[in-house]
Amino acid sequence: MANDKPKNVVLGVSGGIACYKAVELVRLLVKEQYTVQVIMTRGAMQFVTPLTFQTLSARPVATDTFNLTQESEIGHINLADSADIFVVAPATANVIGKIAAGIADDLLSTVLMATQAPVLIAPAMNIHMYENPILQENLRKLRRIGYEILEPDEGYLACGYEGKGRLPDPEAILEQIRLQLKKKDLAGEKLIVTAGPSREPLDPIRYISNRSSGKMGYALARVAARRGAEVVLISGPTALTPPPGVKVTAVNTAAEMRRAILDEYAACTAVIMAAAVADYHPVEFSADKIKRGKGSLDVRLEPNPDILKELGRRKDGKLLIGFAAETGNLDANAEKKLREKNLDMIVANDVTKQGSGFDGDTNIATIIDRRGATHSLPLMSKDELADQIFDHLLTLRR
Ligand code: CTP
């Protein structure tokens, strides 16, 4: 959120055991420099004390509509107007029922009725309550009105049942909040983002690959979706969780990646090649495991297609963005790739620099574009770098 004015999250907490996750959510929000105003229902106060939320949010917690001190200090209409987003997490069946029926008989439901901010509801309850047709009808009604409903997770429920009804992890709720608050300036873009390494098999057990973790590509996909783009993420093998709202196609080899990209190419507006595609694959694939021999083993490699270069030859009016991971002569090497692959932009980083290597959450990059602009960026998170890359992409659209 670096240079923006801090966004205000009004967080309504209603009475369920998942309240403890709302405590962690407040901590995460504050850490990301959001301001958080917590409203607790009477039920919520049976599970967690207002002091817990007050300490973490560094603001008084609002609990009671008819308390004169609170009303003069916070005020329910002020609360409603101050929200950039109104989140109810956890939302009990009771609170959902009240909101859907237009009942405003406590502070949370009253402020919610008065707010004009986007609303995110995160239901959490027993599986049978969640499946109850009345609750489902209420959720459909709220969706129709434009409220965002965050589906509960499946798993072990505090009531002893297994099934759907768990409040999603605080990280997942935070990601939804980010998604909703982000400017949708990439709406209309249909992006292909590639990520991770490719794996070139030698036999059913071994392969040749590289150290790419996929984190940069996943950050690009996540941030693009937040900013309103339609995203297809074509990913080599990684240990990462796909971002919400993104179509994911899993591939292994460079040839599979090429095929997957070409299948989506006609419909896309831009391709961002963050994947570390292997330049070579073994000439021979042994269907059986290669057994240990006596002497040395020769493996012959032949080149993979340069996917980006092939796209650069076709172009078809798409924006093409490449990456260059280098160990020296950063600008010169990157500019050469920009020209030879006919790219619109290249993002270069020196993998030998601290904070810019493989598998980290940060990067130090230089953006070079086809118009000759060069921007050397400081150390930043991969999400922040993704934002910079899309800001730059939008300048190329003008
Ligand atoms: N790339 C690609 N197909 C390949 C290899 C690379 O599309 N077979 C893309 C990468 O995804 C990246 C860009 O091309 O966006 C540059 O990749 P890099 O490996 O740095 O470039 P190479 O042209 O392979 O040059 P080098 O000799 O430095 O490996």
Side-chain angles (χ1 to χ4, degrees), residues 191-201 207-221 224 231-238 249-265 268 270-283 301-316 318-353 356-359 363-370 382 385-386 388-390 392-393 396:
L191 307 180
I192 297 176
V193 178
T194 67
S198 71
R199 273 185 190 168
E200 310 298 331
Y207 53 80
I208 296 174
S209 192
N210 59 65
R211 289 179 55 198
S212 168
S213 65
K215 284 184 177 175
M216 191 63 233
Y218 277 60
L220 285 156
V231 183
V232 181
L233 174 62
I234 298 174
S235 174
T238 73
T249 303
V251 296
N252 271 304
T253 62
E256 285 170 21
M257 184 168 281
R258 174 180 173 273
R259 189 68 264 150
I261 293 171
L262 293 181
D263 285 348
E264 301 283 351
Y265 192 65
C268 84
V271 180
I272 302 153
M273 282 290 293
V277 189
D279 286 328
Y280 292 90
H281 66 267
V283 176
L301 302 175
E302 63 187 359
N304 276 330
D306 185 330
I307 307 171
L308 208 41
K309 201 167 185 175
E310 185 180 341
L311 300 180
R313 274 195 294 267
R314 290 176 52 169
K315 208 72 191 248
D316 299 332
K318 322 283 185 187
L319 282 183
L320 297 180
I321 296 153
F323 276 73
E326 305 289 345
T327 54
N329 286 334
L330 190 64
D331 290 13
N333 281 332
E335 267 169 44
K336 188 160 171 264
K337 286 177 187 172
L338 179 85
R339 255 182 297 109
E340 287 181 354
K341 301 191 189 211
N342 194 21
L343 307 180
D344 298 283
M345 193 201 303
I346 193 152
V347 183
N349 66 312
D350 182 340
V351 290
T352 62
K353 271 196 199 160
S356 184
F358 293 102
D359 206 26
N363 213 339
I364 306 167
T366 300
I367 295 178
I368 304 172
D369 74 20
R370 59 161 195 256
K382 287 183 173 170
L385 178 57
Q388 294 278 345
I389 291 168
F390 291 123
H392 206 95
L393 179 147
L396 293 176

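Order of appearance sets the numbers: ligands from 1, and atoms from 1 within every ligand. Owing to the predicted nature of the structure, the values given are computational and were not obtained by experimental measurement.
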Before you tell me yes or no, could you show the steps for K318 and D316 under salt bridge (Lys or Arg N to Asp or Glu O under 4.0 Å), namely the whole-Å CA-CA distance, both residues' side-chain angles and the distance that decides it to 0.1 Å?
CA-CA 6 Å; K318 322 283 185 187; D316 299 332; over 6 Å; no
Can you tell me the protein heavy atom closest to atom 3 (N) of ligand 1 and the distance?
I307 N, 3.1 Å
Could you say whether the N/O atoms of M273 and ligand 1 ever approach to under 3.5 Å?
yes
Verdict with reasoning, I261 to M273, per side chain to side chain contact (heavy atoms under 4.5 Å, CB included)
CA-CA 10 Å; I261 293 171; M273 282 290 293; 3.6 Å; yes
For atom 2 (C) of ligand 1, state which one of L343, N304, I321, D306 supplies the nearest heavy atom.
D306
Would you kindly check if the NZ (Lys) or CZ (Arg) of R199 is within the cone defined by 45 degrees around the ring axis of Y207 and under 6.0 Å from the six-membered ring centre?
yes
Note: K309, heavy atoms under 4.0 Å from ligand 1, region reported as neither
Among protein heavy atoms, which lies nearest atom 27 (O) of ligand 1, and at what distance?
D279 OD2, 4.4 Å
L308 neighbourhood, listing ligand 1 atoms whose heavy-atom distance to it stays under 4.0 Å:
2 (C), 7 (O), 9 (C), 13 (C), 14 (O), 15 (O)
Nearest to atom 28 (O) of ligand 1, what protein heavy atom do you find, and at what distance?
K337 NZ, 2.8 Å
I272 vs F323, test: side chain to side chain contact (heavy atoms under 4.5 Å, CB included). Steps then yes/no.
CA-CA 8 Å; I272 302 153; F323 276 73; 3.9 Å; yes
Under 4.0 Å from a heavy atom of G322: which atoms of ligand 1 are those, numbered in the order shown and with their elements?
15 (O)
What is the nearest protein non-hydrogen atom to atom 16 (C) of ligand 1, stated with its residue, atom name and distance?
F323 O, 2.9 Å
Residues passing the side-chain hydrogen bond (donor to acceptor under 3.5 Å, both in side chains) test with E310, sequence neighbours excluded, are R258
Tell me whether K337 is salt-bridged to E326, with the criterion being a basic N under 4.0 Å from an acidic carboxylate O.
yes
Might you confirm whether atom NZ of K315 has over 12 heavy atoms from other residues, nucleotides or ligands at distances under 6.0 Å?
yes
Under the side chain to side chain contact (heavy atoms under 4.5 Å, CB included) rule, what do K341 and L320 come out as? Steps first, then yes or no, please.
CA-CA 9 Å; K341 301 191 189 211; L320 297 180; over 6 Å; no
Contact (N/O only, under 3.5 Å) between A275 and ligand 1:
yes
Are there over 12 heavy-atom neighbours, none belonging to Y280, within less than 6.0 Å of that residue's OH?
no
Ranked by distance from atom 8 (N) of ligand 1, the top protein heavy atom is P305 O, 3.0 Å
Any N/O of E326 closer than 3.5 Å to an N/O of ligand 1?
no
With the threshold set at under 4.0 angstrom, would you say K341 reaches ligand 1 through any of its heavy atoms?
yes
